[in-house]
Amino acid sequence: MGGIAIKGCGKGIPRYSLHNRDLEEFLDTSHDWIVSRTGIEERRVAAPDEDNVSLSLLACGQALERAGVEGRDVDLIVVATATPDRMVPSLACTLQRELGSRGPALDINAGCSGFIYALAIAFHLMRGGIATRALVVGTETLTRIVDWRDRSTCVIFGDGAGAALLAPCPEGEGIIAASLDALGEGDGLIRAEGGGARMMASLAGGLVPGNHLLPSPLPHLHRTWNGIDPFLRMDGKEVFKFAVNKLCATVKELCSAAGVGTEEVSLIIPHQANLRILAAAAERLGVPKESFFTNIQRYGNTSAASIPIALEEALRAGMIREGDLVILAGFGAGMTWGGALLRWQDGQAIEGGRTA
Ligand code: COA
């Protein structure tokens, strides 16, 4: 049985950037506090004419082009999102229509571990002979479900999409180990009740008082559900401890499954949640903090989109070379966590398929 590799990556980034200084205008916070506690300087906010479909299509288009694959050659789409544009049907089916693809198409929700879950699902479906070319997408419009009056959450999250094209490669290259896990006991630590069948979006009321303070084009984001709390809420301190533990455990588990030492890993691309989480994990793992790729400074936490966006940027920056060992690792709502260890294979030549 051959291997499965990521052959092309892409990202879809909203046009509008909201800097910490902009938040100071309407929120009791400061640029210095946000930078010192999280590392975030700015985040992207989807404008009214942008959504998960448009951002994902940008990301998928880049991933396909870089892999030299046409949309019609894709026979599996797995999308990870915690903020789908609508409940039914799945975003994956809409992407399939737009891209002219075929085969199974499904959405999954594993919070900020979503991309890793989607990657592992696609990997195993491909290994099982269900598909030969897969698009794995992580996409979020979190700024539409955060409470812009809640400084403990709204400063953290941002919008965006990332995609990876998976195709066959020689055994021992590409994805060489993957791990997934969840602890449902932590299901209250990060939650958003709005928009589900128990709290239908049709209950939406008017704009929250004070929205007029927000800079354009944000006022469209603020809706309330007649007294019911629909917004994203988080127990930041508990999540912080969980994240450091699970990130370290995932890196160790993947290295041990593949029989390699952590020092052999060239780059770790973690979910971009907080620079302090990454610094604490680096210290605990005994690796330099430069082992972790970071771009949270510019995008905030984009949940399921953060790892594919980071991977695309690491590749574009020339930080990953043929043969490098790379770890992707995520953790998030559920609580969920997981990772993948890859021996990087150059994205241009696809076995048994088209080439760029
Ligand atoms: N600006 C200014 N002050 C703020 C603030 C903000 N944006 N957010 C919270 N504060 C205040 C609090 O009200 C509190 O004030 P008090 O001492 O007067 O009560 C103080 O800062 C400390 O709050 P605390 O919640 O203890 O801060 P913290 O050091 O734990 O940092 C987080 C808060 C959210 C940044 C941090 O807990 C975190 O990053 N957790 C992980 C979150 C995460 O990664 N989630 C996604 C995982 S997938």
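All ligand and atom numbering here is 1-based and tracks the order in the structure.
- If you chain together hydrophobic residues whose side chains sit under 4.5 Å apart, L165 and L58 never meet in one group.
- Under a 4.0 Å N-O distance rule, the pair D49/R15 qualifies as a salt bridge.
- Within the 4.5 Å cutoff, side-chain heavy atoms of L254 are placed close to those of S179.
- No salt bridge links D324 with R343; every basic N to acidic carboxylate O contact stays at or beyond 4.0 Å.
- Here K11 pairs with E313 in a salt bridge; the nearest charged N to carboxylate O distance falls below 4.0 Å.
- Between G236 and ligand 1, at least one pair of N/O atoms sits closer than 3.5 Å.
- Annotation for ligand 1: atoms under 4.0 Å from non-hydrogen atoms of C112 are 48 (S).
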Salt bridge (charged side-chain N to carboxylate O under 4.0 Å, His left out) for R233 and E193? Distances and angles first, verdict last.
CA-CA 9 Å; R233 303 293 179 199; E193 299 286 341; over 6 Å; no
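- Scanning all protein heavy atoms for the shortest distance to atom 45 (N) of ligand 1 gives M234 SD, 3.1 Å.
- For atom 8 (N) of ligand 1, a protein heavy-atom neighbour is found at a distance under 4.0 Å.
- Residue nearest to atom 10 (N) of ligand 1, selected from W33, W337, F331: W33 (by heavy-atom distance).
- Nearest protein heavy-atom neighbour of atom 13 (O) of ligand 1: R151 NH2, 2.8 Å.
- Near A273, the atoms of ligand 1 lying under 4.0 angstrom from a non-hydrogen atom of the residue are 44 (O).
- Residue contact check: R37 has heavy atoms under 4.0 Å from atoms 29 (O) of ligand 1.
- At a distance under 4.0 Å, no protein heavy atom can be found next to atom 19 (O) of ligand 1.
- Contacts with ligand 1 closer than 4.0 Å are made by side-chain heavy atoms of V155 only, the backbone lying farther away.
- In summary, the atoms of ligand 1 found under 4.0 Å from a heavy atom of I277, numbered by their order in the structure, are 44 (O).
- The nearest pair of heavy atoms linking S90 to L106 is OG-CA, 4.5 Å.
- Of the N or O atoms in T29, one or more lie within a sub-3.5 Å distance of an N or O in ligand 1.
- Close approach of ligand 1 to I156 (heavy-atom distance below 4.0 Å) involves ligand atoms 34 (C).
- Given atom 47 (C) of ligand 1, the protein heavy atom at minimum distance is V239 CG1, 3.4 Å.
- Electrostatic pairing of E173 and K7 does not count as a salt bridge here, judged by no charged N lying under 4.0 Å from a carboxylate O.
- Side chains of F231 and D150 form no contact here, defined as non-hydrogen atoms less than 4.5 Å apart.
- The distance criterion of under 3.5 Å between nitrogen or oxygen atoms is not met by H271 with respect to ligand 1.
- Under a 4.0 Å criterion applied to the non-hydrogen atoms of R276, ligand 1 contributes the atoms 29 (O), 31 (O).
- Among all heavy-atom pairs drawn from A273 and I156, the shortest one is O-CG2, 4.5 Å.
- Residue contacts with ligand 1, taken as heavy atom pairs separated by less than 4.0 Å, do not involve T153 at all.
- Here the protein heavy atom with the shortest distance to atom 38 (C) of ligand 1 is N274 ND2, 3.6 Å.
- Residues I296 and L55 do not share a hydrophobic cluster, defined by chaining ILVMFWY side chains whose heavy atoms lie under 4.5 Å apart.
- Atom 24 (P) of ligand 1 has K237 NZ, 3.8 Å as its closest protein atom, hydrogens excluded (heavy atom only).
- Proximity of atom 4 (C) of ligand 1 to the protein is indicated by at least one non-hydrogen atom lying closer than 4.0 angstrom.
- Just one residue in the list L119, I175, T250 forms a side-chain contact (heavy atoms from CB on, under 4.5 Å) with L328, and that residue is L119.
- Between N52 and the choices T139, D107, T94, D159, the side-chain hydrogen bond (donor to acceptor under 3.5 Å, both in side chains) rule is met once, by T139.
- Contacts of N301 with ligand 1, taken as heavy-atom pairs under 4.0 Å, involve the side chain alone.
- Classification of E42 and R21 as a salt-bridged pair fails, no side-chain N sitting under 4.0 Å from a carboxylate O.
- For the pair S30 and ligand 1, the shortest N or O to N or O distance does not fall below 3.5 Å.
- Closest to atom 35 (C) of ligand 1, if we only count protein heavy atoms, is T38 CG2, 3.7 Å.
- Distance remark: protein heavy atom not present below 4.0 angstrom from atom 22 (C) of ligand 1.
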